[in-house]
Amino acid sequence: MQVKERIVYIDQLKGVAIFLVVLGHFLQYNTVESKSGKLFEIIYSFHMPLFMFISGYVAFKTIRQMDLDNYFLFLKKKAIGILIPFFSWPLLVNPLFFNNDITYNPKSVLLGIITNPAGGLWFLWYLFLFYLIYTLFLRASNKFNRQKKFFIDIVFLLILTLPLLMLRQFQVVNYADSLLLHYIFFFSGIFLSKYDFIQVVVLKNITFSISIFIFSTLCSYYDFLSSSIINLLLKMVLSTAAIICIYYIVRSIKWTLWADKYIQALGKNSLVIYVTQFSIIYVLPSTLLLDKMNFLLLISISIVFSVLIIVVCLMIMRIAQLSRVLNFTLYGRLKPV
């Protein structure tokens, strides 16, 4: 019974996260203000760290030492589920089905994906890398920290973080800050999932109250277009506060049957929605982009369009599932979920 409950709230968390992702992207590509809009900045201050936090949380629940005994098989499964769509959408789907540019050069696209993965479906690239790092963490923790002491795991994590810090220090990749930020939240999900005392603190009402106060007070200061250290630290604070709030809410509220059904459906297909929505997110033509308007009206309109986009994504998924080749190529799935 406990396992069933765990699956339910995890799917609910993933459903909330992917809806916020689509909502944020709709605002980015269909409003005049685009990346400078306040609603956009509020959502972007935490929505991808939330998604990465949940991925880490799920990783701890689902990956066991026995999975690593056949490490090649484990890597094969992760590569199929993550890297297949990471490469197939920019190389095959978008240029062949959502673009009429006859100058398409797959070699240059592939080179761009490899040299700057943060410019495409970056979440999948980060996620695959973090899974590899987590397997090293899991092996070390299972071997040398069988008593599950928190600070020993922290030491292992710091050691594994050193290569990422070197990437940033020597400017090996231009997305090192983003990589480190999401790495922190991926492992935050792992630690919250592993250690009960952290969950006890996070699920306290006082923690929720402080977090919602911090977020509501500071969110207006976040600037998506700024790359300053202060803004990066602010995003970490806002993301942490928002994650605590959403985790607390999802674990505490009673969902109605219909809401629970649909939000779980989004959660189970969150990666499908993530990779599909980019190709259909440009809903409004440039002459009809949403201009400045009442905040509540903008939220209402954006929610309606986001729901429609998600529905279309799920329809595309259903059609793709009729073909094993399409299902595998688009989503890295060998069978329907």
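For the residue pair Asn231/Asp223, the side-chain donor-acceptor check at 3.5 Å is not satisfied. Under the 3.5 Å distance criterion, with hydrogens and angles disregarded, a donor-acceptor pair is assigned to the side chains of Tyr44 and His25. If you check the side chains of Gln321 and Tyr331, you find no donor sitting under 3.5 Å from an acceptor.
A pairwise comparison of heavy atoms in Phe86 and Ile113 identifies CE2-CG2, 3.3 Å as the closest pair. What you find for Ser279 and Trp89 is that their closest heavy atoms are OG-CZ3, 3.4 Å. Ile281 and Val22 get closest at one heavy-atom pair: CD1-O, 4.0 Å. Taking each heavy atom of Ile43 and Gly24 in turn, the nearest pair found is CG2-CA, 4.0 Å. Between Gln199 and Lys61, the closest heavy-atom pair is NE2-NZ, 4.5 Å. Pro49 approaches Ser239 most closely through the heavy-atom pair CG-OG, 3.4 Å.
The aromatic rings of Phe123 and Phe51 lie parallel to each other, with less than 30° between the two planes, well short of the 60° mark. By the 30° and 60° cut-offs, the orientation of the rings of Tyr131 relative to Phe186 is perpendicular.
When atom types are taken as modelled, the side chain of Ser45 and the backbone of Lys235 share no donor-acceptor pair closer than 3.5 angstrom. Looking at Ser36, its side chain does come within 3.5 Å of a backbone N or O of Glu33 through a donor-acceptor pair. Here the side chain of Asn30 pairs a donor or acceptor atom with the backbone of Leu284 at under 3.5 angstrom. With hydrogens and angles disregarded, no donor-acceptor distance shorter than 3.5 Å links the side chain of Arg333 to the backbone of Thr329. Under the 3.5 Å distance criterion, the side-chain polar atoms of Lys38 are matched with a main-chain donor or acceptor of Ser220. For Thr207 (side chain) and Val201 (main-chain N/O), a donor-acceptor pair under 3.5 Å exists by modelled atom type. Formation of a donor-acceptor pair under 3.5 Å by the Ser34 side chain with backbone atoms of Thr31 is not found in this model. Using a distance-only test at 3.5 Å, with no hydrogens or angles considered, no donor-acceptor pair links the side chain of Asn269 to the main chain of Val272. Side-chain atoms of Ser193 do not come within 3.5 Å of backbone N or O of Ile190 as any donor-acceptor pair.
A distance of 12.0 Å separates CD1 of Ile84 from CG of Asn327, quoted to the nearest 0.5 Å. Expressed to the nearest 0.5 Å, how far NZ of Lys76 lies from CZ of Phe72 amounts to 6.0 Å. For the atom pair CG (Asp153) and CZ (Phe137), the distance works out to 3.5 Å, reported to the nearest 0.5 Å. Atom CD1 of residue Ile280 and atom CD1 of residue Ile309 lie 6.5 Å apart, to the nearest 0.5 angstrom. Here Ile152 contributes atom CD1 and Leu157 contributes atom CG; the two are 14.0 Å apart, rounded to the nearest 0.5 Å. Summarising the geometry, atom CD1 belonging to Ile82 is positioned 4.0 Å from atom CG belonging to Leu127; distances are rounded to the nearest 0.5 Å.
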### Query
Where do Asp260 and Gln12 land on the side-chain contact (heavy atoms from CB on, under 4.5 Å) test, with the steps shown first?
CA-CA 7 Å; Asp260 181 54; Gln12 290 168 344; 2.6 Å; yes
#### Entry: Test side-chain contact (heavy atoms from CB on, under 4.5 Å) applied to Leu180 and Thr161, step by step
CA-CA 9 Å; Leu180 279 168; Thr161 307; 4.3 Å; yes
### Query
Can Met48 and Phe185 be said to form a side-chain contact (heavy atoms from CB on, under 4.5 Å), step by step?
CA-CA 9 Å; Met48 293 312 292; Phe185 286 105; over 6 Å; no
### Task
Assess whether side-chain contact (heavy atoms from CB on, under 4.5 Å) is satisfied between Leu160 and Tyr134, documenting all intermediate values.
CA-CA 9 Å; Leu160 292 172; Tyr134 176 59; over 6 Å; no
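In this structure, Val32 is a member of the same hydrophobic cluster as Phe26, with clusters built from ILVMFWY side-chain heavy atoms closer than 4.5 Å. Residues Leu330 and Leu322 are members of separate hydrophobic clusters, defined by side-chain heavy-atom contacts under 4.5 angstrom among Ile, Leu, Val, Met, Phe, Trp and Tyr. If you chain together hydrophobic residues whose side chains sit under 4.5 Å apart, Ile206 and Ile253 fall into the same group. In the hydrophobic clustering of this structure, Val307 groups with Tyr274; members are Ile, Leu, Val, Met, Phe, Trp, Tyr whose side-chain heavy atoms approach within less than 4.5 Å, directly or through other members. Cluster membership check: Leu167 shares its hydrophobic cluster with Phe170, using side-chain heavy-atom separations under 4.5 Å among Ile, Leu, Val, Met, Phe, Trp and Tyr.
Residue Tyr175 places its OH atom among more than 12 non-hydrogen atoms of other residues, nucleotides or ligands, all under 6.0 Å distant. The number of heavy-atom neighbours closer than 6.0 Å to OH of Tyr71, taken from other residues, nucleotides and ligands shown, is above 12. Within 6.0 Å of atom CE in Met315, 12 or fewer heavy atoms from other residues, nucleotides or ligands are found, so the atom counts as exposed in its surroundings. Within 6.0 Å of atom CZ in Phe295, more than 12 heavy atoms from other residues, nucleotides or ligands are found, so the atom counts as buried in its surroundings. The local environment of CZ in Arg324 is sparse, with at most 12 non-hydrogen atoms from other residues, nucleotides or ligands closer than 6.0 Å. Heavy-atom contacts from other residues, nucleotides or ligands closer than 6.0 Å to CG of Leu158 number more than 12.
Phe150 is listed as a side-chain neighbour of Phe191, based on a closest heavy-atom distance under 4.5 Å. Side-chain contact between Val275 and Val93: absent, with no pair of heavy atoms (C-beta onward) separated by less than 4.5 Å. In this structure, Tyr183 and Tyr126 have side chains that are not in contact, with every pair of non-hydrogen atoms separated by 4.5 Å or more. By the 4.5 Å heavy-atom criterion applied to side chains, Tyr248 and Val202 are not counted as neighbours. When side chains are defined from C-beta on, Phe278 does not count as touching Asn94, because their heavy atoms never get closer than 4.5 Å. Considering only heavy atoms from C-beta on, Phe215 comes within 4.5 Å of Ile42 through its side chain. Two residues are said to be in side-chain contact when any heavy atoms from C-beta on lie closer than 4.5 Å; Val21 and Gln277 meet this criterion. Here the side chains of Val312 and Leu308 are not in contact, with every heavy-atom distance at 4.5 Å or above.
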